[in-house]
Structure formats: C-alpha cells, structure tokens
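Contents: one structure, followed by commentary.
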Amino acid sequence: MGTKYTITLQNCAFFARHGVHDEEEFLGQRFFVDAELDVVAAGALESDSIDDTVNYGIAFTVIEEIVTGKRRNLIEALALDIAKGLCEKFHQVRRAKITVRKPNAPVPGVLDFVQVSVEHFAG
C-alpha cells in the first residue's frame with residue numbers, strides 16, 4: 001500500500017436545519033464537523049504539490065455544500081454523506097472518518113452536544 005498520511009479538518013461550523021423535529025427545521029442550528037481523511041501518498045510527499053493531495057479549501061467547501069444542502073433527519077446520515085462525498089471528490093482518500101456534533105439537540109436535560117462518528121472506506 002505504501003505510505004499514507006492523515007489530514008484533519010477540525011471543528012468546521014455550519015448553520016443548517018437537520019433533525020426530526022419541526023422546530024429544528026424552522027429554527028435551524030449550528031453543526032460542527034470533524035473530518036479525518038487517510039490519504040494514500042500518490043506522490044504528494046515527494047512532489048510537494050497541492051495537486052497530489054487533498055486541498056483543504058476544497059474539502060471544506062465539499063463539507064459545507066453537503067451540510068447546508070439537503071435536509072436530513074439524522075446526523076448519522078449526514079456524516080455518511082459527507083464521508084462519501086469526500087471520498088468521491090478526492091481519489092487519494094482511502095478512509096474518511098466524519099464526526100458531526102449537534103450542540104442544541106432536543107433532549108430533556110443539559111449536555112454539551114450529541115456527537116456521531118461514521119467511517120467510510122473508499123472503493
């Protein structure tokens with residue numbers, strides 16, 4: 001398999017309207033996403049070229065488009081869609097682990113956030 005490395009985008013914040021409750025769609029809320037991408041070194045480490053690796057800015061935009069796009073009931077589904085989208089966009093990515101945090105989850109108590117992590121393997 002050769003050399004691999006991991007690129008992480010941590011705590012990306014977006015406003016969206018995901019959730020099963022009507023008020024979540026009406027009010028919306030912030031969601032936070034971490035993306036951990038295992039990249040097979042297809043020459044990037046030697047070439048030192050952005051063309052041979054995952055461009056962070058483009059990766060952020062892919063995440064943003066998915067989070068702020070189609071509404072989903074479950075953050076589990078959202079995390080999987082992000083993982084698949086990143087693997088499709090970047091052929092160098094072999095594994096995408098996506099964590100989605102929802103700080104304002106409608107629960108009957110106090111918590112910092114609800115969090116779901118999904119791993120998707122390309123190919």
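Only a predicted model underlies this, so the values are computations on that prediction, with no experimental measurement involved. Positions are given from 1 along the sequence.
Remark: the backbone N or O of T99 is not paired with any side-chain donor or acceptor of D34 at under 3.5 angstrom. When atom types are taken as modelled, the side chain of S49 and the backbone of D51 share a donor-acceptor pair closer than 3.5 angstrom. Of the possible donor and acceptor atoms, one in the side chain of R71 sits under 3.5 Å from a partner among the backbone N and O of R17. The backbone N or O of A79 sits nowhere less than 3.5 Å from a side-chain atom of H120 that would complete a donor-acceptor pair.
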Q: Mind running side-chain contact (heavy atoms from CB on, under 4.5 Å) on V93 and L86 for me, showing each step along the way?
A: CA-CA 8 Å; V93 174; L86 289 167; 5.6 Å; no

Q: Determine, step by step, whether I7 and Y56 satisfy the side-chain contact (heavy atoms from CB on, under 4.5 Å) criterion, reporting the C-alpha distance in whole Å, the side-chain angles of both residues, the deciding distance to 0.1 Å, and the verdict.
A: CA-CA 8 Å; I7 293 175; Y56 317 144; 3.8 Å; yes

**Q.** Candidate pair F60 and C12, rule side-chain contact (heavy atoms from CB on, under 4.5 Å), full reasoning
**A.** CA-CA 8 Å; F60 184 91; C12 306; 3.7 Å; yes

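N11 CG: more than 12 foreign heavy atoms inside a 6.0 Å radius.
Annotation: side chain of Y5 is in contact with side chain of T53 (closest heavy-atom distance under 4.5 Å). Side-chain contact check for T8 versus L37: every heavy-atom pair is 4.5 Å or farther apart. Between F14 and I63 there is a side-chain heavy-atom pair separated by less than 4.5 Å. Side-chain contact between K89 and V62 is present, with at least one heavy-atom pair separated by less than 4.5 Å.
Two rings, from F31 and F113, have their centers 6.0 Å or more apart.
The minimum heavy-atom distance linking R72 with H18 is given by the pair N-ND1, 3.0 Å. Contact between I75 and V100 at its shortest, heavy atoms only, is CD1-O, 3.8 Å.
Comment: R94 does not engage D38 in a salt bridge, judged by the lack of any side-chain N to carboxylate O separation of less than 4.0 angstrom.
At a cut-off of 3.5 Å, with distance as the only test, no side-chain donor of N104 or R30 sits close to an acceptor on the other residue.
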